[in-house]
Engineer: 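Sharing a structure here in structure tokens format.
Indexing begins at 1, ligand by ligand and atom by atom, following the structure's order. Note that the coordinates shown come from a computational prediction; the quantities given were computed from them, not determined experimentally.
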Amino acid sequence: MSHHWTQTWTFLDGQWHEGNVPIMGVRTHASWLGTSVFDGARAFEGVTPDLDLHCLRVNRSALAMGLKPVVPVEKWIELAHAGVKRFAPGTALYIRPMYWAEFPGPRTVDADPESTRWCLSVYEAGMPDPARGAAVTLSPFRRPTIECAVTDAKAGALYPNNSRALVEAHGRGFDNAVLCDMLGNVAELATANIFLAKDGVAFTPAPNGTFLSGITRTRSIGLLREAGVEVVETALRWSDFRDADEVFTTGNYSKVAPITRVEARELQPGPVFRKARKLYWDFAHG
Ligand code: PMP
């Protein structure tokens with residue numbers, strides 16, 4: 001089996017390694033039982049917006065997963081910048097700090113927080129072209145509640161559910177899947193948060209603990225409100241998205257990106273999306 005990985009540098013156990021460096025063994029708790037958390041930040045056009053918040057969040061995720069956040073936020077930031085410097089200036093990069101449990105605790109399935117290990121990877125990942133747009137569909141899968149999964153962490157173990165939602169949506173000709181929570185309110189996409197615009201007002205699901213209330217989401221809401229755009233955080237149904245004037249997404253990977261098809265209905269990137277994207281880019285370079 002082979003896969004072409006883009007250029008990758010990882011800080012692990014005190015040094016930088018190039019390529020897809022092995023980080024776990026067959027007996028590692030995380031490789032067997034999924035006790036890992038991560039975060040995703042970006043470098044692009046020479047900036048790293050909200051890098052500090054992504055580093056802070058990975059430490060919070062570690063605590064939620066029962067791990068020990070042994071890397072101070074300042075150290076994550078310093079390492080991220082050192083990693084970025086290993087690439088040509090301006091390269092679009094994904095910055096991924098990560099923690100995992102190495103050893104089991106006394107009952108095997110429990111993890112030993114004292115065995116927390118970590119690494120920081122930086123790798124090439126081009127910024128998606130917003131002109132491409134994306135088609136979305138309602139997923140038959142749902143977001144778990146906090147009683148069912150560690151939804152208060154950005155945990156690797158949450159993503160097999162997102163993966164099957166994406167595979168199912170791709171199979172029906174869509175680029176991404178909209179997942180509802182267990183009450184049937186729209187939660188998020190498999191890879192990002194979701195917004196709609198209707199009559200010039202932006203709406204987005206109110207955080208209820210079932211989905212990742214993203215850093216880009218919070219940033220974009222703040223920027224839009226400062227610019228005088230009304231943003232309503234509330235419970236939204238799938239029908240609200242089907243009837244929207246605009247649908248767009250926020251997330252670290254693509255930042256602010258348009259949805260150009262909701263099931264059979266074609267949409268254009270609209271004025272609220274364009275404002276949100278421009279405000280984000282101005283903020284990132286500001
Ligand atoms: N939801 C999911 C499932 C995600 O993977 C992401 C990307 N991290 C987001 C939302 C957006 O969060 P953020 O803006 O913090 O990157």
Side-chain angles (χ1 to χ4, degrees), residues 36-44 47-61 64-65 73 76 80 92-99 121 123 125 127-128 134 136 138-139 141-146 148-169 175-181 185-196 202 204-224 231 233 236 241 247-259 273 276-277 279-281 283-284:
S36 73
V37 297
F38 70 101
D39 217 286
R42 255 196 183 283
F44 65 102
V47 293
T48 53
D50 286 332
L51 175 61
D52 52 343
L53 297 182
H54 287 281
C55 294
L56 191 64
R57 187 171 65 184
V58 78
N59 282 8
R60 295 220 178 102
S61 293
M65 181 55 89
V73 170
W76 279 131
L93 302 169
Y94 191 76
I95 301 169
R96 163 146 67 84
M98 198 166 133
Y99 286 111
S121 290
Y123 47 88
M127 292 293 280
V136 297
L138 181 64
S139 180
F141 301 112
R142 297 278 178 104
R143 292 291 302 181
T145 60
I146 185 95
C148 307
V150 192
T151 53
D152 52 347
K154 191 166 170 62
L158 296 172
Y159 282 81
N161 192 44
N162 301 32
S163 171
R164 66 177 179 161
L166 283 168
V167 169
E168 192 278 334
D175 302 302
N176 214 323
V178 175
L179 283 88
C180 290
D181 62 23
N185 296 310
V186 168
E188 62 179 350
L189 289 169
T191 58
N193 292 115
I194 191 162
F195 285 69
L196 67 82
T204 193
N208 62 7
T210 68
F211 64 90
L212 190 73
S213 174
I215 288 166
T216 323
R217 174 192 178 280
T218 304
R219 177 61 66 195
S220 297
I221 290 171
L223 291 169
L224 282 168
V231 184
E233 297 174 78
L236 295 169
F241 286 84
V247 180
F248 59 95
T249 70
T250 64
N252 170 65
Y253 198 83
S254 303
K255 300 305 179 186
V256 185
I259 297 298
F273 155 73
R277 187 170 164 100
L279 287 166
Y280 191 90
W281 254 257
F283 153 74

Engineer: What atoms of ligand 1 come closer than 4.0 angstrom to any heavy atom of Y159?
Structural biologist: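 Per the distance check, 2 (C), 3 (C), 4 (C), 5 (O).
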Engineer: In the structure I gave you, are the side-chain heavy atoms of R42 and H54 within less than 4.5 Å of one another anywhere?
Structural biologist: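 No, their side chains stay 4.5 Å or more apart.
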Engineer: Is any side-chain heavy atom of F44 closer than 4.5 Å to a side-chain heavy atom of P49?
Structural biologist: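 A side-chain contact exists here, since the closest heavy-atom pair is under 4.5 Å.
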Engineer: What residues, two or more places apart in sequence or in another chain, satisfy side chain to side chain donor-acceptor pair (under 3.5 Å) together with T191?
Structural biologist: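 If we apply the side chain to side chain donor-acceptor pair (under 3.5 Å) test to T191, skipping adjacent residues, the hits are N176.
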Engineer: Describe, in one word, how the ring planes of Y99 and W76 are oriented to each other, choosing from parallel (under 30°), tilted (30 to 60°) and perpendicular (over 60°).
Structural biologist: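 Judged by the thresholds at 30° and 60°, the geometry between Y99 and W76 is perpendicular.
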Engineer: Output the list of atoms in ligand 1 that are nearer than 4.0 Å to some heavy atom of G214, sorted by atom number.
Structural biologist: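 Heavy-atom distances to G214 below 4.0 Å select 12 (O), 13 (P), 14 (O), 15 (O).
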Engineer: If we only count heavy atoms from C-beta on, is the K154 to V37 side-chain gap below 4.5 Å?
Structural biologist: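 K154 does not reach V37 side chain to side chain.
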Engineer: Using a 4.0 Å cutoff against the non-hydrogen atoms of I215, which atoms of ligand 1 qualify?
Structural biologist: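 Numbered from 1, ligand 1 contributes 13 (P), 14 (O), 15 (O).
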Engineer: Please confirm whether G40 approaches ligand 1 to less than 4.0 Å, judged on its heavy atoms.
Structural biologist: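 Per 4.0 Å heavy-atom rule, G40 does not contact ligand 1.
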Engineer: Could you tell me the residue and atom name of the protein heavy atom closest to atom 6 (C) of ligand 1, and the distance to it rounded to 0.1 Å?
Structural biologist: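 It is T191 O, 3.4 Å.
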Engineer: Can you tell me the protein heavy atom closest to atom 16 (O) of ligand 1 and the distance?
Structural biologist: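 Residue, atom and distance for the closest contact: N252 N, 2.9 Å.
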Engineer: List every atom of ligand 1 that sits less than 4.0 Å from any heavy atom of N162, numbering the atoms from 1 in the order shown and giving each element.
Structural biologist: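 The atoms of ligand 1 under 4.0 Å from a heavy atom of N162 are 3 (C).
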Engineer: Give the single entry among L179, L212, T218, L189 that approaches atom 9 (C) of ligand 1 most closely by any heavy atom.
Structural biologist: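 Among L179, L212, T218, L189, the closest heavy atom to atom 9 (C) of ligand 1 belongs to L212.
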Engineer: Could you list the atoms of ligand 1 found under 4.0 angstrom from a heavy atom of K154?
Structural biologist: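 In order of number, 4 (C), 5 (O), 6 (C), 7 (C), 8 (N).
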Engineer: Evaluate side chain to side chain contact (heavy atoms under 4.5 Å, CB included) for F241 paired with I194, printing each intermediate quantity in order.
Structural biologist: CA-CA 10 Å; F241 286 84; I194 191 162; 3.4 Å; yes
Engineer: Considering only protein heavy atoms, which is closest to atom 14 (O) of ligand 1, and at what distance to one decimal place?
Structural biologist: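 Result: T216 OG1, 2.6 Å.
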Engineer: Could you check whether any side-chain heavy atom of V256 comes within less than 4.5 Å of a side-chain heavy atom of F273, counting everything from C-beta outward?
Structural biologist: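 Side chain of V256 against side chain of F273, heavy atoms only: contact under 4.5 Å found.
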Engineer: For atom 2 (C) of ligand 1, grab the closest protein heavy atom and report residue, atom and distance to one decimal in Å.
Structural biologist: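 Heavy-atom neighbour on the protein nearest atom 2 (C) of ligand 1: E188 OE1, 3.4 Å.
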